[in-house]
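Remarks on the structure that follows.
Position 1 is the first residue of the sequence; numbering continues from there. Fair warning: this is a prediction, and the values are worked out from it, not measured in the lab. Heavy atoms only: backbone and side chains are in, while hydrogens, waters and symmetry mates are out.
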Amino acid sequence: MSAPAPSTLAIVDAEPLPRQEEVLTDAALAFVAELHRQFTPRRNELLARRGERRAEIARTSTLDFLPETAAVRAEDSWKVAPAPAALSDRRVEITGPTDRKMTINALNSGAKVWLADFEDASAPTWENVVLGQLNLTDAYERRIDFTDPKSGKSYALKAADELATVVMRPRGWHLEERHLQLDGVSVPGALVDFGLYFFHNAQRLIDLGRGPYFYLPKTESHLEARLWNDIFVFAQDYVGVPQGTVRATVLIETITAAYEMEEILYELRDHASGLNAGRWDYLFSIVKNFRDGGAKFVLPDRNAVTMTAPFMRAYTELLVRTCHKRGAHAIGGMAAFIPSRRDAEVNKVAFEKVKADKDREAADGFDGSWVAHPDLVPIALASFDAVLGEKPNQKDRLREDVSVAAGDLIAIDTLDARPTYDGLRNAVAVGIRYIEAWLRGLGAVAIFNLMEDAATAEISRSQIWQWINADVVFENGEHATAELARKVAAEELAAIREEIGEETFTAGKWQQAHDLLLQVSLDQDYADFLTLPAYEQLR
């Protein structure tokens, strides 16, 4: 008797989208279903392991390099696979969501790489998930030219040799895709994003002289990297492309991953391309993991925690040394400034800060760095050109002068800065404004001349939570309390209403955003990710 046919993926509670049949083909959905069957059980186990590790940190208030993987760190002979030509020079990378306009502008930006984002810079509406995939395929097929109906402006791709290399970022392991289910169980968003993109584009990208390249977000351990490596091996066999075609860059944006950088590269060594230093999520992860650790783990205002803070310096220096020791690229952090069309002085000051930041990264040995806006590409390019010249990278700078002890990475109390009342107000203001846009389907949002994404909201609400639970006293004598947070939030909401007018306010999701920010900032049970309760409200 023959075995029953495996169940197929069901599209659940989703309005049909134009051209969705080009993305949601039977063959592509069968591939995603197989990824789900093979790998979701391990993903679930690893999510449970995150909780166990967090409980251990709560008990000990410390972290260390893993004794069980000491041999991997001690063995000098292994290296990651050589970079393909399309990823050898990564001196400037631009980030952004995969809407049609951004796709063209990012590819045309002059950056070497575009991080095409299905994660923090994209609210995971069904439209963004499916049409983002379509936009990338259209770009590879050079059929993405369009005219903006609002402005009348036309957008078209430059010549192929002038376009950025695409590195796609799927959602993190914690997120589900409720619109795709197998036997009533939602498929992890990471497998949906990766699976649809890989199935449709792996061979197409190879034919274009590129490849299926990925950024892996929110990784917390080398075991999670091992899971991704096994997925890559399976996927390459499934679609019939050579092993080693995939390349992955891992964001070291969790504090636990910072203690496992070498092990993460080792697990992915046949597919690894590099590591990236992601600032806001990294700080969010510190707060999340050490929120019971007392005063010595209390962070000051987020803008006071620069990359020159001793514990952040330890993190970035260790990242460069680790990458270059293993032949991988070290990619620096985000320049999030959005140039003002009205205030030249604001631009002048901000551009000087961006230049100083990128000069420092290039001098420290990074091989490239991130920007959020095309106007910043020339600034970052100049910083890296000055150091690299004609070289594609500086992986030959081994940084053997760097020595980082386990305690250096969590020495938060080396900072002189303290939380301020203005910092609380800024966290509330930015949190409300970002969440409101996210609930309307926007993941990358310009707020106060900075391009903010979900990591911004995470650090904002985490700092509010931490300051209240640590009974912080601000410089004006006020205690951080739930009552104070509610008062500030009410004032910010009223100010927004005044700023944008009653009609626009009512048409938005401002009250909903206000309520959600307070929920995740004040609940005693700290939500692991803001986007989990937010996704329940995303329609």
For S109 and P374 the tightest heavy-atom approach is CB-CB, 4.4 Å

Would R279 and E361 pass as an ion pair if we require N to O under 4.0 Å? no

Side chain proximity check, V404 to Y315, heavy atoms < 4.5 angstrom: no

Would L216 and L268 count as a side chain to side chain contact (heavy atoms under 4.5 Å, CB included) here? Give the steps. CA-CA 11 Å; L216 304 181; L268 285 159; 4.1 Å; yes

Atom NZ of residue position K296 - does it have more than 12 heavy atoms of other residues, nucleotides or ligands inside 6.0 Å? no

Evaluate the criterion side chain to side chain contact (heavy atoms under 4.5 Å, CB included) for residue pair F311 and I410; output intermediate values, then yes/no. CA-CA 6 Å; F311 72 101; I410 50 174; over 6 Å; no

Hey, what do you get for NZ (K112) to CD1 (I94), rounding to the nearest 0.5 Å? 14.0 Å

R169 and D117 ion-paired at < 4.0 Å: yes

Could you tell me the separation between the OG1 atom of T98 and the CG atom of N135, rounded to the nearest 0.5 Å? 6.0 Å

Does this structure show an ion pair linking R91 with D385, if we count only N-O contacts that are shorter than 4.0 Å? yes

A363 and R397 have their tightest heavy-atom pair at O-NH1, 2.6 Å

Do E452 and R433 meet the salt-bridge criterion of a basic N to acidic O distance under 4.0 Å? no

At their closest point, which heavy atom of A164 faces which heavy atom of R210, and how far apart are they? O-NH1, 3.4 Å

Which atom of D120 lies closest to which atom of A455, heavy atoms considered: OD2-N, 3.4 Å

Using a 4.5 Å cut-off on heavy atoms from C-beta on, say whether the side chain of L388 contacts that of Q394. yes

Determine the minimum heavy-atom distance between L319 and F366, stating which atoms define it. CD2-CE2, 3.9 Å

Are the side chains of T103 and Y155 in touch, meaning some heavy atoms are under 4.5 Å apart? no

To the nearest 0.5 Å, how far apart are CG in L196 and CG in L191? 10.5 Å

With side chain to side chain donor-acceptor pair (under 3.5 Å) as the criterion, how do D237 and Q243 come out once you've worked through the C-alpha distance, each side chain's angles and the decisive distance to 0.1 Å? CA-CA 7 Å; D237 280 347; Q243 289 295 330; 2.9 Å; yes

Salt bridge check, E176 against R43: does any charged N sit closer than 4.0 Å to a carboxylate O? yes

Within 45° of the six-membered ring axis of Y266 and under 6.0 Å from that ring's centre, is NZ or CZ of R269 located there? yes

May I ask you to check whether Y197 and F214 place their ring centres under 6.0 Å from each other? yes

Just checking W280 against F284, ring centres under 6.0 Å apart? no

Are side-chain heavy atoms of E93 and V167 found at a separation under 4.5 Å? no

Step through it carefully: locate the ring centre of F194, locate the ring centre of F118, and say whether they are under 6.0 Å apart. no

Take Y526 and S462 through the side chain to side chain donor-acceptor pair (under 3.5 Å) test and state the conclusion after the steps. CA-CA 9 Å; Y526 179 94; S462 296; 2.6 Å; yes

To the nearest 0.5 Å, what is the distance between CZ (F234) and CD (Q38)? 4.5 Å

Distance from Y140 atom OH to L157 atom CG, nearest 0.5 Å? 11.0 Å

Evaluate the side chain to side chain donor-acceptor pair (under 3.5 Å) criterion for residues T322 and R326: first the C-alpha distance (whole Å), next the side-chain angles of each, then the deciding distance (0.1 Å), finally the verdict. CA-CA 6 Å; T322 300; R326 302 306 181 181; over 6 Å; no

Are the side chains of L223 and E45 in contact, using a 4.5 Å heavy-atom criterion? no

Within the structure provided, determine whether M261 and I264 are in side-chain contact (heavy-atom separation under 4.5 Å). no

Would Y238 and F198 count as a close aromatic pair, with their ring centres under 6.0 Å? no

Do we see a donor-acceptor contact under 3.5 Å between the side chains of H271 and Q236? yes

Assess the residue pair V445 and W438 against the criterion (side chain to side chain contact (heavy atoms under 4.5 Å, CB included)); give the C-alpha distance rounded to whole Å, side-chain angles, the decisive distance to 0.1 Å, and a yes or no. CA-CA 8 Å; V445 188; W438 196 92; over 6 Å; no

Assess whether side chain to side chain contact (heavy atoms under 4.5 Å, CB included) is satisfied between I435 and L530, documenting all intermediate values. CA-CA 9 Å; I435 294 170; L530 158 69; 4.1 Å; yes

Do R360 and T308 pass the side chain to side chain donor-acceptor pair (under 3.5 Å) test, and can you show the C-alpha distance, the side-chain angles, and the key distance before you say yes or no? CA-CA 9 Å; R360 175 188 51 77; T308 58; over 6 Å; no

Heavy-atom closest contact (D270 atom, R247 atom, distance): O-NH1, 3.7 Å

State whether D357 and K355 are salt-bridged, where the test is any N-O pair (Lys NZ or Arg NE/NH1/NH2 against Asp/Glu carboxylate O) under 4.0 Å. no

D528 bridged to R50 by N-O distance under 4.0 Å: no

Are D301 and N426 packed together at the side-chain level, in the sense that at least one heavy-atom pair is separated by less than 4.5 angstrom? no

Side-chain contact test, heavy atoms from C-beta onward, threshold under 4.5 Å: evaluate it for S273 versus V80 and give yes or no. no

Tell me yes or no: between the side chains of N229 and R226, is some donor less than 3.5 Å from an acceptor? no

Rounded to the nearest 0.5 Å, how far apart are CG of N108 and CG of L163? 6.0 Å

Over-ring placement of K288 relative to F529, 6.0 Å and 45° cut-offs: yes

